[in-house]
Structure formats: structure tokens, C-alpha cells
Amino acid sequence: MAASCVVLLALALSLLLLVAWKRWRWGRAARHVIVVVLGDVGRSPRMQYHALSLAKRGFSVTFLGFCTSKPHDELLQSDRIRIVSLTELQRLAVGPHILQYGVKVVFQAVHLLWKLMCRKPAAYIFLQNPPGLPAIAVCWFVGCLCGSKLVIDWHNYTYSIMGLVHGPGHPLVLLAKWYEKLCGRLSHLNLCVTNAMREDLAENWGIKAVTVYDKPASFFKETPLDLQHQLFMKLSRTYSAFRACSEPSDPGMERSAFTERDAQSGTVTCLPGRPALLVSSTSWTEDEDFSVLLAALESKGPLKEYYSRLICQKHFQHIQVCTPWLEAEDYPLLLGSADLGVCLHRSSSGLDLPMKVVDMFGCCLPVCAVNFQCLHELVKHEENGLVFEDSEELAAQLQMLFSKFPDPAGKLNQFCKNLRESEQLRWDESWKRTVLPLITDT
């Protein structure tokens with residue numbers, strides 16, 4: 001038995017070395033880049049933007065990740081981008097948790113290694129972190145064999161997110177921190193999302209990184225009224241919150257909860273006395289506490305099921321809560337149609353910024369955001385939104401912003417005006433200035 005295992009291992013290593021040797025002989029493909037996410041491609045907007053920017057600059061891109069939800073159409077329509085699906089191993093139903101996690105990590109390491117070695121050689125491997133275990137080590141190893149340079153895009157720390165579930169002192173969390181700190185230094189280039197993270201990487205990890213702020217893509221913008229109406233009517237077929245409270249007296253009028261359209265002229269107008277539309281984007285993870293928003297609303301008047309049950313327990317009189325799962329193309333349209341965004345993201349490390357706020361600002365949508373360490377790098381209190389500490393302060397802010405809604409002279413309109421006048425830099429232009437020189441000069 002032992003002898004057969006040794007033979008199988010030797011054969012596997014021989015095959016791996018043979019494939020690596022062939023890749024090495026072919027040489028590095030100077031205009032090919034591999035983008036890796038050990039997560040859902042459709043829910044990894046920043047890595048999608050990297051892929052699109054690379055494709056626009058003439059690179060061919062292979063995008064490896066889980067294909068759970070649909071990415072942006074622009075990514076799917078690009079003839080320079082190929083998406084390769086990774087298999088997601090579900091947690092085992094038996095055995096201790098540490099064994100389940102170990103099996104998953106080993107499977108992901110072998111599977112990712114095989115997928116990478118089966119691809120044509122790449123000049124760069126762009127890797128999203130987190131999750132970095134085991135992806136950093138695998139991508140570095142493949143880079144050594146095939147001559148690819150590893151670029152780690154630090155969105156946060158893997159160990160800090162694991163700490164939300166297991167606690168900061170858990171052996172798995174401590175192991176992940178050691179691994180991340182060790183393997184993170186193996187990359188050729190490091191990008192990060194805030195200056196605070198750049199400083200932390202330099203001081204505590206010995207890693208030199210370049211700050212590449214999240215910027216909204218070009219499709220995040222204010223939504224014209226006719227498109228708002230189309231979106232509201234589409235959503236009203238599934239979600240009652242978007243349906244009109246009463247049918248129009250004129251049969252030639254089409255009405256949603258917020259807009260109405262004259263079928264004869266095609267003119268769309270805002271419904272008189274319409275409700276305000278408040279949007280809070282979420283991935284239903286541990287770093288967002290939606291009870292803060294629910295408590296604030298009550299004082300006014302992978303956790304989705306938990307909060308859905310909590311919503312059902314609330315007795316709102318003038319508020320409707322809707323938890324839709326939007327298509328990628330509908331999400332920017334909804335942000336561009338809303339009156340206020342609320343961000344409940346509390347960074348597990350205190351060093352990353354919520355991309356949802358970046359998208360909201362791209363749509364000129366003001367934000368109320370819960371405070372944490374480096375939020376000031378994005379949200380300017382009393383300029384493009386408001387910052388709060390708890391549900392009581394959020395409730396006071398919502399009361400102040402919506403008490404006379406819609407108020408042309410109110411703070412909401414002033415925040416919108418400030419965002420319009422700020423002339424925000426878009427992702428692709430920012431990427432061209434910050435990232436492109438780093439990969440063309442090396």
C-alpha cells in the first residue's frame with residue numbers, strides 16, 4: 001500500500017514537472033494575464049475591473065473563479081477575456097471542523113494548481129486576497145515554474161475575516177496570519193485599497209504596496225427617469241414594495257410605487273408624494289450588522305435568512321423592507337434611482353473600504369456609513385454623506401434627511417450636488433495611471 005502511494009506520488013510529480021518544463025520551453029506570454037479569485041467571479045467587481053482594464057490595453061485574460069453568479073455583460077462580451085470555472089468544494093458533513101477545513105484547503109490547492117498549469121503561460125498572475133489560503137502559495141509556485149510574476153491585490157486580510165467567525169485567538173486564525181504574512185512577501189508586486197493598509201503592510205508585514213483606490217466603473221451613474229420606471233416596473237412583478245399603492249384612474253397611465261408613465265406620450269414623472277428609496281447593499285456576511293439599520297428604522301417607524309426573519313418580527317408602519325437579489329446590470333440602475341445609501345460595513349481589519357460606497361458615489365448617491373478606522377479616506381462627513389456610530393445616531397440622521405422629503409433645499413440635495421461637482425475619477429482612468437505603468441515597466 002505504502003509502495004503504491006509512493007509510485008503514484010512520483011508519477012504525479014513527474015507529470016507536473018513535465019508540464020512545467022513544457023511551459024518553460026514555450027516561454028512567458030508577454031500579453032497574457034491570469035486573474036485568480038477563490039470566490040464568485042460575479043461578486044468580485046474589482047477583479048472584474050482589473051480584467052476589463054487589462055483587456056482594453058491589449059492583454060488576453062484568463063479569469064479563474066467560481067461561476068456562481070453572472071458577471072457584468074462587458075466581461076462576458078469581451079473577446080479577450082476567458083472565464084474558467086473553478087470547482088467549489090462544499091464543507092464535509094462529518095468530522096471535526098479543523099479536519100473539514102483542512103480537506104477543503106488541500107482540495108483547493110490541488111485543483112487550483114492543476115487549473116493554472118493547464119493554462120497557457122502568463123506574464124502576470126493577478127490574485128485577489130482574501131481569500132489567500134491556499135491561493136497565494138499555489139500562484140507563487142506556478143509563477144516560479146512558468147516564469148509568471150505574482151501580483152497580489154490586498155482587499156483585506158484573510159486572517160482578520162476568519163477571526164470574525166472563530167475569534168482572533170483561534171489556532172486556524174493564527175495559522176492563517178502566519179501563512180499570509182510569510183507568503184505575502186513572495187509576490188512581485190502588491191496593490192492595496194487604502195493608504196492605511198499600505199502603511200500597515202509596510203510597518204507590520206514588511207511588504208511594499210501601492211494604493212489603488214476603488215473607483216466606480218463607467219456604468220455607475222445617475223439613472224434617467226425613464227429607465228428608473230422600467231426598473232421599478234420590472235421589480236414590481238416580483239417584489240410588492242415596488243408596486244403602486246393604488247391603480248391610476250387613467251387606464252393610459254402605468255404606475256409604480258415611485259413613478260408613473262403616460263402610455264400615449266411616453267412621458268415619465270415622479271409620483272406625487274412618493275416614498276423615499278433607501279438602499280443598502282450587502283453580501284450578508286459577518287462584517288455587516290443589519291440590526292443597526294433595523295433598529296434605526298424601528299425608532300423612525302451567507303446571514304440573509306437571519307435578517308429576513310428579524311425583518312418579519314418588526315412592525316413597521318410607514319416602511320417597507322425588500323431584500324432582492326439583483327442582476328448585475330440592474331444593480332447600478334437601482335443605485336442611480338435611489339435617494340440615500342446606507343453602509344453597515346465594519347472592516348474586519350479596519351483597513352479596507354466598502355466598494356459599495358464607491359459605487360453609490362459614482363451614481364451621485366449620498367451615504368450614511370457606520371464609522372471605522374479609515375472610513376475618512378472615502379466618506380467626508382457633511383460633504384458627501386454622514387457618518388454614524390450606532391443605531392440611535394443613524395435614526396437621528398434618517399429623521400433629519402427625510403422629515404421634509406423631498407426637500408430641494410435639504411441636505412440630501414446638497415450632498416448630491418457636491419458629488420456631481422466632484423468630477424470623480426472612474427476606474428479605468430485611475431487604473432491606467434496607477435497600475436498600467438507598474439506592469440509595463442517590469
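Note that these values count all heavy atoms, side chains included, but never hydrogens, waters or copies made by symmetry. FYI, the numbering just counts along the sequence from 1.
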Peer 1: Check Met162 against Ala176 and note the closest heavy-atom contact, atom names and distance.
Peer 2: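 What the structure gives for the nearest pair is SD-CB, 3.6 Å.
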
Peer 1: Show every salt bridge (Lys or Arg N to Asp or Glu O under 4.0 Å) that has at least one partner inside residues 122-139, sequence neighbours left out.
Peer 2: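 Salt bridge (Lys or Arg N to Asp or Glu O under 4.0 Å) check on residues 122-139 returns no pairs.
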
Peer 1: Taking only residues two or more places apart in sequence, or in another chain, which ones meet Lys208 in a side chain to side chain contact (heavy atoms under 4.5 Å, CB included)?
Peer 2: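 In terms of side chain to side chain contact (heavy atoms under 4.5 Å, CB included), with neighbours along the sequence ignored, Lys208 is linked to no residue.
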
Peer 1: Strictly under 6.0 Å, is that where the ring centroids of His188 and Trp140 end up?
Peer 2: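 Not under 6.0 Å, so no.
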
Peer 1: Using a 3.5 Å distance criterion without hydrogens, assess whether the side chain of Tyr49 forms a donor-acceptor pair with backbone atoms of Trp427.
Peer 2: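 Side chain of Tyr49 to backbone of Trp427, a donor-acceptor pair under 3.5 Å: no, none is there.
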
Peer 1: Between Phe107 and His111, how do the two ring planes meet: parallel, tilted or perpendicular, split at 30° and 60°?
Peer 2: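 Rings of Phe107 and His111: parallel, as their planes differ by under 30°.
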
Peer 1: Do Val358 and Leu353 touch side chain to side chain, with heavy atoms closer than 4.5 Å?
Peer 2: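 Heavy-atom side-chain distance check fails, nothing below 4.5 Å.
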
Peer 1: Is there a donor-acceptor contact under 3.5 Å from the side chain of Gln414 to the main chain of Cys416?
Peer 2: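 It does not hold such a pair.
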
Peer 1: Ser60: which residues meet the side chain to side chain contact (heavy atoms under 4.5 Å, CB included) condition with it, sequence neighbours left out?
Peer 2: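 Listed in chain order: His32, Lys120.
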
Peer 1: Taking the side chain as everything from C-beta on, heavy atoms only, tell me whether Asp153 gets closer than 4.5 Å to Leu191.
Peer 2: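 Yes, side chains in contact.
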
Peer 1: Would you indicate whether the side-chain heavy atoms of Ile81 and Leu75 approach each other to under 4.5 Å?
Peer 2: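 Yes. Closest side-chain heavy atoms under 4.5 Å.
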
Peer 1: For residues Val36 and Leu116, report the shortest heavy-atom separation together with the two atoms involved.
Peer 2: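 Looks like CG2-CD2, 4.1 Å.
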
Peer 1: Listed by chain and number, what are the ring-ring contact (aromatic ring centres under 6.0 Å, His included) partners of Tyr331, not counting sequence neighbours?
Peer 2: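 Applying ring-ring contact (aromatic ring centres under 6.0 Å, His included) to Tyr331 gives Phe220.
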
Peer 1: Glu260 and Arg274: salt bridge (charged side-chain N to carboxylate O under 4.0 Å, His left out), yes or no, with the steps?
Peer 2: CA-CA 10 Å; Glu260 59 182 2; Arg274 73 171 181 87; over 6 Å; no

Peer 1: Which donor-acceptor pairs under 3.5 Å do side chains of residues 212-219 form with protein atoms, sequence neighbours excluded?
Peer 2:
from, atom 1, to, atom 2, distance (Å)
Tyr213, OH, Asn195, ND2, 3.0
Tyr213, OH, Glu377, OE1, 2.5
Asp214, OD1, Arg46, NH1, 2.6

Peer 1: So, using side chain to side chain contact (heavy atoms under 4.5 Å, CB included) as the criterion, who are the partners of Lys177 when residues are at least two apart?
Peer 2: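 Checked Lys177 against side chain to side chain contact (heavy atoms under 4.5 Å, CB included); matches are Tyr159.
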
Peer 1: What closest approach, in Å, do Gln108 and Leu38 show between heavy atoms, and which atom pair accounts for it?
Peer 2: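 Scanning both residues completely, I find the closest heavy atoms to be OE1-CD1, 4.0 Å.
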
Peer 1: Contact between His155 and Asp352 at the side-chain level, heavy atoms closer than 4.5 Å - yes or no?
Peer 2: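 They are not in side-chain contact.
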
Peer 1: Given Arg57 and Lys432, is the side-chain contact (heavy atoms from CB on, under 4.5 Å) satisfied, shown in steps?
Peer 2: CA-CA 9 Å; Arg57 302 311 179 287; Lys432 184 173 72 174; 3.5 Å; yes

Peer 1: Is the closest side-chain donor-acceptor distance between Glu180 and Thr158 under 3.5 Å?
Peer 2: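 Side-chain D/A pair, Glu180 to Thr158: present.
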
Peer 1: Report yes or no: do His381 and Asn371 form a side-chain donor-acceptor pair below 3.5 Å?
Peer 2: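 No, because no side-chain N or O of His381 sits under 3.5 Å from a partner of the opposite role on Asn371.
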
Peer 1: Suppose the criterion is salt bridge (Lys or Arg N to Asp or Glu O under 4.0 Å): which pairs have a residue in residues 221-233, not counting sequence neighbours?
Peer 2: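 Checked against salt bridge (Lys or Arg N to Asp or Glu O under 4.0 Å) - neighbours excluded - the pairs reaching residues 221-233 are Glu222-Arg420.
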
Peer 1: Kindly indicate whether the side chain of Trp154, heavy atoms from C-beta on, has any atom under 4.5 Å from the side chain of Asp200.
Peer 2: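 With C-beta onward as the side chain, the pair stays apart.
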
Peer 1: Under the ring-ring contact (aromatic ring centres under 6.0 Å, His included) rule, collect the residues that match up with Phe361, sequence neighbours excluded.
Peer 2: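 Applying ring-ring contact (aromatic ring centres under 6.0 Å, His included) to Phe361 gives none.
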
Peer 1: What I want to check is whether the side chains of Ser348 and Ser160 have a donor and an acceptor closer together than 3.5 Å.
Peer 2: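 Per modelled atom types, Ser348 and Ser160 side chains form a pair under 3.5 Å.
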
Peer 1: What verdict does the side-chain contact (heavy atoms from CB on, under 4.5 Å) test give for Val33 and Ile439, after you've listed the backbone C-alpha separation in whole Å, the side-chain angles of each residue and the deciding distance to 0.1 Å?
Peer 2: CA-CA 11 Å; Val33 175; Ile439 62 175; 5.7 Å; no

Peer 1: With salt bridge (Lys or Arg N to Asp or Glu O under 4.0 Å) as the rule and sequence neighbours excluded, what pairs involving residues 320-334 come up?
Peer 2: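 Applying salt bridge (Lys or Arg N to Asp or Glu O under 4.0 Å) to every pair that reaches into residues 320-334, excluding sequence neighbours, yields Lys70-Glu329, Lys234-Glu327, Lys234-Asp330.
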
Peer 1: Of all heavy-atom pairs between Ala338 and Leu365, which one has the smallest distance, and what is that distance?
Peer 2: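 So the two residues come closest at O-CD1, 3.4 Å.
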
Peer 1: Just wondering, do Cys192 and Leu201 contact through their side chains at under 4.5 Å, heavy atoms?
Peer 2: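 They are in side-chain contact.
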
Peer 1: Kindly write out the residues that satisfy ring-ring contact (aromatic ring centres under 6.0 Å, His included) with Tyr239, not counting sequence neighbours, or none if the list is empty.
Peer 2: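 Not a single residue meets the ring-ring contact (aromatic ring centres under 6.0 Å, His included) criterion with Tyr239.
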
Peer 1: Do you know the tightest heavy-atom contact between Phe232 and Ser337?
Peer 2: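 Here Phe232 and Ser337 meet closest at CZ-CB, 3.8 Å.
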
Peer 1: Answer yes or no: is there a donor N or O on one side and an acceptor on the other, between the side chain of Asp40 and the main chain of Ser69, under 3.5 Å?
Peer 2: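 Yes; at least one donor-acceptor contact below 3.5 Å.
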
Peer 1: What residue pairs, at least two apart or across chains, pass salt bridge (Lys or Arg N to Asp or Glu O under 4.0 Å) with a residue in residues 131-147?
Peer 2: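 Pairs touching residues 131-147 that pass the test: none.
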
Peer 1: Pick from Val151, Val37, Leu64, Leu150: which one makes a side-chain contact (heavy atoms from CB on, under 4.5 Å) with Leu127?
Peer 2: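 Only one of Val151, Val37, Leu64, Leu150 forms a side-chain contact (heavy atoms from CB on, under 4.5 Å) with Leu127, namely Leu150.
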
Peer 1: Holding to side chain to side chain contact (heavy atoms under 4.5 Å, CB included), I want the full list of residues that pass it with Ala328, two or more places apart in sequence or in another chain.
Peer 2: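 Side chain to side chain contact (heavy atoms under 4.5 Å, CB included) check on Ala328 returns His72.
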
Peer 1: Of the non-hydrogen atoms in Leu344 and Val370, which two are nearest, and what is the gap between them?
Peer 2: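 Result for this residue pair: C-CG1, 3.6 Å.
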
Peer 1: Please work out whether the ring planes of His345 and Phe372 are parallel, tilted or perpendicular, with thresholds of 30° and 60°.
Peer 2: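 Answer is perpendicular, since the angle exceeds 60°.
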
Peer 1: Please name the residue in the list Leu182, Leu186, Ile152 that meets the side-chain contact (heavy atoms from CB on, under 4.5 Å) test with Ile136.
Peer 2: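 Among the candidates, only Ile152 passes.
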
